[in-house]
Amino acid sequence: IGKLLPSKQRQRTEYDAILAANRFRSFAPEREGNTVKWFVDGHDYLWAISEAIESAKSELYILDWWLSPELYLRRPPELFPEWRLDALLKRKAEQGVKIYVIVYNEVPGTSPLDSAHSKSVLEALSPNIRVMLVIIDRQLVAVWWSILTEYLADDWLVDWGDGPMLWSLGHPQPVFNSYLSDAHPTLFERTLFPGQDYNNSRVMDFQKVNHFVFNQLSTLLTGKSHARDAVQHFVERWAFVRNQKYPNYPPLSLSNTSAAAENQPSTVTLPPGGTMKPSCKVQVCRSVCDWSHGVPTEQSIQNAYIGLIQEAKHFIYIENQFFISNTVAGGLVVNLIAKALVERILKAATAGEKFKVIVMIPEVPGFPGKIEDTRTIKLIMAAQWRTVNRAGFSIAEMITKAGYDPYDSSIFLWDVQTDCPRRKDYISYYHLRSYDRINGPRSFLENILKKTGYSYGHAQAALARIWLGAGNPEWDKNNGTLNTVEPEISPTRSWSIPKTIAEAKKILETYESASTPSDREVNDSVGQHALQDSTKLQDERWLGNNDEERNCIISELTYIHSKLMIVDDLKVVIGSANLNDRSMKGDGDSEIVVVVEDTDMIPSKMNGQSYQAARFAATFRRALFKEHLGLIPPQNCTPTNAHDVTTFMTPVPNAQIDTTNSPEDHLVEDPLSDEFLALWNGTAKNNTDIFWNIFRTVPNNAVKSWTDYNQDIPSVSEGHVVANLSAEEIKKQLSGVKGHIVQGYMDFLIEEPGLVGGWEWTWLNIFLPLYI
């Protein structure tokens, strides 16, 4: 009813005029003169964020979905206690920096975000820190949508992307190696994920968190788009929430804040590497509406995706947490990004042009439970299958109806009308997966218990006291107990947490004294061998017997939480928006992205021809592809190299070292070349086969029905070895894994049509929009 008020109608008319004046119908125009830097995974990004926050002089804005005050921005944490987020923000607040935070207030019982904890902890640090929890009271339906916008802005710099500091669905893959093991029985200072900092939410290691290894992509930028549009978005949101619930909180002035941000010089200390040019054109786009932001509905993110797909000439790379869209208007799924993909592919097919779309999504949605038992997982997977290859109007089916095969690149059809070959390889799908070995042989741990009187669980409880500090009523409310699991498979047990830090340190010192210097040379993680490591997996030492080593070799999906599209190595869309209706339709989850087009061009290749690519887009894509294919050195995060700062770990305007002429870059330079596609697809197939042989990983394209599923699902704990192989044989096979890429499991359960049909996929299912 409120929308019919004259004031609302005037607002809608005025806002529509603003949208009509800008590309993609965004609230913000495209602006030149920005400096933008990309980051792959969490280690480098979080270090850069720590420097950026440390450089703040007057104001700091954080807009977030999940904000963990106890997040360590530098690791291993034991070496950097002053760089935990709460400690850093407290330090800045005491220096006079005003810190304004907006965090999504979760619906009780639906997610373990604990925003009340974030608010109480942060505001207790200093009166200069103000935290708003976004609670929407006006429309009951609105509480089921999320404030997923994720970014930080300080005096001169803004962060964009799915970076963990700002929304933290969990804590990210710390380095390129995809650490799955964080057991350190010989030296606990190597711990990377203290307490509940790491979790596999697919099996719910911990019950009140949702953290596990993520593939993360982020950017930092400074320039006019930051100073005006990013700040405007935050100030608007602050005013909107303040008017609803926090009238006593201070108002923010857009004009003063924007002027300060635009004129503030960088104070970051730059290591050698050169200074980046302000060469990027940037446009901020968002999904917002009346309930989330106090403005008429804006869906400029969806418009940007569709517009850039339509403009694509050669190649599109999409990496996203979800892939849910529609190829026809008027359906249950309303965003039409898939329709744009189909139309662009058919345009290339009709013209006989080589065109390629690569889509990278998680193997399984990031929700706990077995696939067959969990409705949320089945609904989201079904929505993606309906987008990809099932239910009548999927991308594959629409391309096939037009006479083209979307997948097979090994065969050509001859078009008698055009007298040209039809290339049949247009779109393909992939996932990421990793392996590791847990350093926790039972016999070794039992030997330490005999020598010291302490079990590994006792040591973990002592370590927990050190992380928790000298007594915190909130953290100690469970009577000072810790639930833990021995590194090798065992039941969950409870341990008493020491009362004091001194007592805890004594326990750890006693426990560690049972290990020899030689014991400490055994690696706590072996996942680095999937990259360009100088040593061999078969040569890794072990502190137990062969059966124990076999039981400690594991595999997990590497969860893709990225929200990225790269077009033609020229244009990039990155931000908080998932590729689904919730993020794209405007009146669901609120989101924000940037569209980046670098004018700094570099020589490259496209389809075998010389090509001018944009530096930001091309180097970003190459860095991702090199990691996925294992064409980079490991990034071992240990106490010995923790202070080694590279150019990839610092914020703008410090440039990364130029790797565009490296042999590895040349391997991924041309995303359309037959040589690259053979490397990409060959590596994915090889990795897929190895993981299937050893772990019987599900989903898999070999599992086409529930009958297959019940026959092939492992009888051991998820992610553990199924094959009847020795530890040496397993390590020999795993040494063939390169990077983390595996084939997309788009044919998984394809013989079960009921998964993508029935009443749940009709208008009768009023709750379906919550999932898609």
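Side-chain atoms are counted along with the backbone in the values below, which use heavy atoms only and exclude waters and symmetry mates. Throughout, numbering of the chain's residues begins at 1 and tracks the sequence. Predicted, not measured: the structure shown is a model, and the values here were computed from it.
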Side-chain donor-acceptor pair under 3.5 Å between [X] and [Y], yes or no?
X	Y	result
E106	S115	yes
T535	D533	yes
N641	H643	no
Q321	Y559	yes
H628	E319	yes
K738	N686	no
T516	D519	yes
T558	S434	yes

- Taking only residues two or more places apart in sequence or in another chain, which ones pass side chain to side chain contact (heavy atoms under 4.5 Å, CB included) with A93?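 Expected list: I99, S126, N128, I129.
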- Message: Under a 4.0 Å threshold between the charged nitrogen and the carboxylate oxygen, would E718 count as salt-bridged to K370?
- Response: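 No salt bridge links K370 with E718.
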- Assess the pair Y511 and F188: is the distance between their ring centroids shorter than 6.0 Å?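 Yes, the ring of Y511 comes within the 6.0 Å limit of the ring of F188, centre to centre.
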- Would you confirm whether the ring centroid of F80 sits within less than 6.0 angstrom of the ring centroid of W47?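 Ring centroids of W47 and F80 are less than 6.0 Å from each other.
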Roughly how far, to the nearest 0.5 Å, is [atom2] of [Y] from [atom1] of [X]?
X	Y	atom1	atom2	value
R442	D547	CZ	CG	12.0 Å
Y435	N687	OH	CG	9.5 Å
L46	L71	CG	CG	6.0 Å
W38	F648	CH2	CZ	5.0 Å

- Intermediate values then yes/no, salt bridge (charged side-chain N to carboxylate O under 4.0 Å, His left out), E70 and R84: CA-CA 6 Å; E70 297 80 26; R84 201 168 81 170; 5.1 Å; no
- Please name the pair of heavy atoms, one in R550 and one in V722, separated by the smallest distance, quoted to 0.1 Å.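 What the structure gives for the nearest pair is NH2-O, 3.9 Å.
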Excluding sequence neighbours, so at least two apart, what forms side-chain hydrogen bond (donor to acceptor under 3.5 Å, both in side chains) with [X]?
X	answer
R520	none
R74	S50
E82	none
R433	E363, S555

- Using the salt bridge (charged side-chain N to carboxylate O under 4.0 Å, His left out) rule, take E503 and R465 through it: C-alpha gap first, then chi angles, then the decisive distance, then the call. CA-CA 9 Å; E503 182 185 353; R465 166 53 63 207; over 6 Å; no
- Report the C-alpha distance between H720 and S717 in whole Å, list the side-chain angles of each, state the deciding distance to 0.1 Å, and finish with yes or no for side-chain hydrogen bond (donor to acceptor under 3.5 Å, both in side chains). CA-CA 6 Å; H720 287 266; S717 296; 5.1 Å; no
If only atom types and distance count, is the side chain of [X] paired as donor or acceptor with the main-chain N or O of [Y] below 3.5 Å?
X	Y	value
D182	F193	yes
N545	E548	yes
S455	G457	yes

- Query: Should the ring pair Y454 and H458 be called parallel, tilted or perpendicular, given that the plane angle runs from 0 to 90° and is split at 30 and 60?
  - Reply: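 Perpendicular, since the angle between the ring planes exceeds 60°.
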- Query: According to the interplanar angle, ranging from 0 to 90°, do the rings of W65 and Y104 count as parallel (below 30°), tilted (30 to 60°) or perpendicular (above 60°)?
  - Reply: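 The rings of W65 and Y104 lie parallel, inter-plane angle below 30°.
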- Identify, with sequence neighbours excluded, every residue that meets ring pair (Phe, Tyr, Trp, His ring centres under 6.0 Å) alongside H529.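 Ring pair (Phe, Tyr, Trp, His ring centres under 6.0 Å) check on H529 returns nothing, list empty.
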- Item | Worked verdict on R91 versus E54 for salt bridge (charged side-chain N to carboxylate O under 4.0 Å, His left out) | CA-CA 9 Å; R91 182 163 70 247; E54 182 69 14; 3.1 Å; yes
- Item | Within-4.5 Å side-chain heavy-atom neighbours: Q538 and S735 |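 The answer is yes; the side chains approach within 4.5 Å.
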- Would you mind telling me which of I438, L543, D524 makes a side chain to side chain contact (heavy atoms under 4.5 Å, CB included) with P185?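 Single pass found, and it is D524.
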- Message: Under the criterion salt bridge (charged side-chain N to carboxylate O under 4.0 Å, His left out), I'd like the reasoning laid out for E728 against K732: C-alpha separation, chi angles, the key distance, then a yes or no.
- Response: CA-CA 6 Å; E728 289 304 312; K732 182 178 180 181; over 6 Å; no
